[in-house]
Undergrad: 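Quick one: this structure, given as structure tokens, is what I'll be asking you about.
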Amino acid sequence: MKIYNPFLKLFIFLSFCSLIIGQVTETAYIKYYLSDRDFIADAPMFATDRRGQSHLEVTFNENKHPILKRWLNEKHELIREEMFVYNETKALQKRLFLNSDRGTEKIIHYGKKEPWSVEFRRYAISEKEATSFLGQQTEFILNGTDKISKIIFRSIDNHEYGMIHLSYNHLGFLQEEVWRTLPDENNIRKFVYDFDIINNVQQIWEFGWGEEEVSHVALSMAPEDKLYTTPPPRTGNELDEVDIIIKELISKRVIAPGPALIPKTEWDRLKLTNNEVMDIVFVGINNNRIRFSLPLSKDVLSISLDRVSSITNTYGELIYPYVATP
């Protein structure tokens, strides 16, 4: 089972922003366009023509790729903007869409190696149905917030083949994560999250195809005054967690009357009185002699008992000497 951390959503957002902001600083030059049509045709306008005119302001890097695209009204106020990130081969990797308040509306990640799309395809699409997902898109929709509300997966031909819908409770904690195939919108997987703030308990339920429950995990954090015997700050080699674990193991240990079983070896083990150990296939004991075969051999050999220290089977159980039962 794969457990998803709800805080990963914010991490993705911040990671994307840091990459994008880093590339925006690589400004080489700026061009102005009257409309998107002019931008596509690369028909720029003079900077002096911007006065009293809504327009686009596009920032380019040294590779002549746009890295920041801003829509401005006639008062030069921001309407929306778009940022671009490129990989080491200079191919487009991510796009970030911001509103007039610079809140993130959505992020598009290009490429079949995007982790969410990889996991979705692994779960939803059989190998027989799998086609090439080279150049596919993963769209993260945030609606101007720091929380992802929806993830949409598209093939290179713009065909939407899957979606993950995320919903949150009134405190902002992730409450539900539903996986759907598109265009049929069949629910194929669901995670339900429950965060008990008062008792500091987190629970996760996973449901698979047909809404059957696959797993249920409950995690709780012990209070600090119960978890640590050394009050903060803890410095040096103090590791109270180890002490607590050891004490718990000692207090709950069960001592069996016989030797511990060590499963499982491939062959029986013969230990001689000179401490030499041999892998064998035990046959039996006759006339004070051990009868056995060597691994992968059909020949039956024998050895005197006075040369044998012990024999254990593949499960670690003692064959010789015999252990008297009470």
Side-chain angles (χ1 to χ4, degrees), residues 6-28 30-42 44 50 54-61 63-87 90-117 120 133 135-168 172 174 177 180 182:
F7 301 104
L8 181 62
K9 283 69 178 178
L10 180 57
F11 172 77
I12 291 173
F13 166 69
L14 295 176
S15 299
F16 284 5
C17 289
S18 62
L19 283 171
I20 291 169
I21 292 171
Q23 294 202 18
V24 170
T25 60
E26 301 174 0
T27 301
I30 298 175
K31 286 186 177 182
Y32 304 98
Y33 300 89
L34 185 61
S35 64
D36 265 317
R37 183 191 296 269
D38 293 328
F39 167 71
I40 296 172
D42 194 22
R50 295 178 297 149
S54 59
H55 61 281
L56 273 68
E57 178 186 278
V58 184
T59 303
F60 293 84
N61 61 18
N63 298 316
K64 299 182 180 180
H65 292 151
I67 56 176
L68 178 61
K69 185 178 177 184
R70 308 176 74 222
W71 284 259
L72 304 172
N73 62 19
E74 61 277 3
K75 297 180 180 179
H76 292 198
E77 296 170 336
L78 180 67
I79 300 174
R80 66 183 188 278
E81 60 186 332
E82 182 178 345
M83 298 179 181
F84 304 80
V85 176
Y86 303 88
N87 60 21
K90 302 178 183 179
L92 182 61
Q93 185 178 18
K94 300 181 182 75
R95 291 166 68 192
L96 175 69
F97 299 80
L98 305 176
N99 58 26
S100 59
D101 298 322
R102 298 188 64 82
T104 305
E105 291 293 330
K106 63 181 178 179
I107 300 169
I108 297 179
H109 189 295
Y110 297 87
K112 66 177 183 179
K113 293 184 178 180
E114 190 283 313
W116 285 89
S117 65
F120 185 90
F133 289 91
Q136 75 111 51
Q137 302 176 22
T138 302
E139 181 176 328
F140 299 86
I141 298 176
L142 291 90
N143 297 322
T145 70
D146 62 351
K147 293 181 175 62
I148 297 173
S149 61
K150 190 182 298 183
I151 307 173
I152 301 174
F153 308 105
R154 296 188 183 91
S155 59
I156 194 171
D157 59 359
N158 214 34
H159 167 71
E160 295 183 357
Y161 65 87
M163 177 181 68
I164 296 176
H165 184 268
L166 305 158
S167 57
Y168 304 82
L174 182 62
E177 178 179 323
R180 297 188 179 105
L182 296 176

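In what follows, every heavy atom counts, from backbone to side chain, and hydrogens, waters and symmetry copies are set aside.
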Undergrad: Are the side chain of Asn99 and the backbone of Asp101 linked by a donor-acceptor contact shorter than 3.5 Å?
TA: yes

Undergrad: Taking atom CZ of Phe153 and atom NE2 of His109, what is their separation to the nearest 0.5 Å?
TA: 12.0 Å

Undergrad: Which heavy atom of Ile151 sits nearest to which heavy atom of Thr138, and what is that distance?
TA: CG2-CG2, 3.6 Å

Undergrad: Looking at Gly111 and Ser117, what are the two nearest heavy atoms and their distance?
TA: O-OG, 4.4 Å

Undergrad: In the structure I gave you, are the side-chain heavy atoms of Tyr86 and Gln93 within less than 4.5 Å of one another anywhere?
TA: no

Undergrad: Could you measure the distance from the CD atom of Glu57 to the NE2 atom of His76? Nearest 0.5 Å is fine.
TA: 9.0 Å

Undergrad: Could you check whether any side-chain N or O of Thr59 sits under 3.5 Å from a backbone N or O of Ile67, counting only pairs where one atom can act as donor and the other as acceptor?
TA: no

Undergrad: What's the shortest heavy-atom distance between Ile141 and Lys106, and which atoms?
TA: CA-CB, 4.2 Å

Undergrad: Decide side chain to side chain contact (heavy atoms under 4.5 Å, CB included) for Ile40 and Tyr33; before the verdict, give the C-alpha distance in whole Å, the side-chain angles of both, and the deciding distance to 0.1 Å.
TA: CA-CA 10 Å; Ile40 296 172; Tyr33 300 89; over 6 Å; no

Undergrad: Of the non-hydrogen atoms in Arg180 and Phe120, which two are nearest, and what is the gap between them?
TA: O-CZ, 3.3 Å

Undergrad: Leu72 and Leu78: side chain to side chain contact (heavy atoms under 4.5 Å, CB included), yes or no, with the steps?
TA: CA-CA 5 Å; Leu72 304 172; Leu78 180 67; 4.1 Å; yes

Undergrad: What's the separation between atom CG in Leu34 and atom CG in Leu56, rounded to the nearest 0.5 Å?
TA: 9.0 Å

Undergrad: What distance separates Glu114 CD from Ile108 CD1, expressed to the nearest 0.5 Å?
TA: 12.0 Å

Undergrad: Identify the heavy atoms of Leu174 and Ser167 that sit nearest to each other, and give their distance.
TA: CD1-O, 3.5 Å

Undergrad: Report the C-alpha separation of Asn143 and Thr145 in whole Å, then their side-chain angles, then the decisive distance to 0.1 Å, and conclude whether the side-chain hydrogen bond (donor to acceptor under 3.5 Å, both in side chains) test is met.
TA: CA-CA 6 Å; Asn143 297 322; Thr145 70; over 6 Å; no

Undergrad: Please report the C-alpha distance between Gln137 and Ile152 in whole Å, then the side-chain angles of each, then the deciding distance to 0.1 Å, and finally whether the side chain to side chain contact (heavy atoms under 4.5 Å, CB included) criterion is met.
TA: CA-CA 8 Å; Gln137 302 176 22; Ile152 301 174; over 6 Å; no

Undergrad: Measure the shortest side-chain to side-chain distance between Pro44 and Asp42 over non-hydrogen atoms and say whether it is less than 4.5 angstrom.
TA: yes

Undergrad: Going by heavy atoms in the side chains, are Met83 and Leu98 under 4.5 Å from each other?
TA: yes

Undergrad: Using a 3.5 Å distance criterion without hydrogens, assess whether the side chain of Asn63 forms a donor-acceptor pair with backbone atoms of His65.
TA: no

Undergrad: Should the pair Phe39 and Phe60 be assigned to parallel (<30°), tilted (30 to 60°) or perpendicular (>60°) ring geometry?
TA: tilted

Undergrad: Using a 6.0 Å cut-off, check whether atom NZ of Lys112 has over 12 heavy atoms from anything other than its own residue.
TA: no

Undergrad: Quick one: NZ on Lys64 to NZ on Lys31, what's the gap to the nearest 0.5 Å?
TA: 8.0 Å

Undergrad: Drop me the distance from Tyr110's OH to Glu139's CD, to the nearest 0.5 angstrom.
TA: 9.0 Å

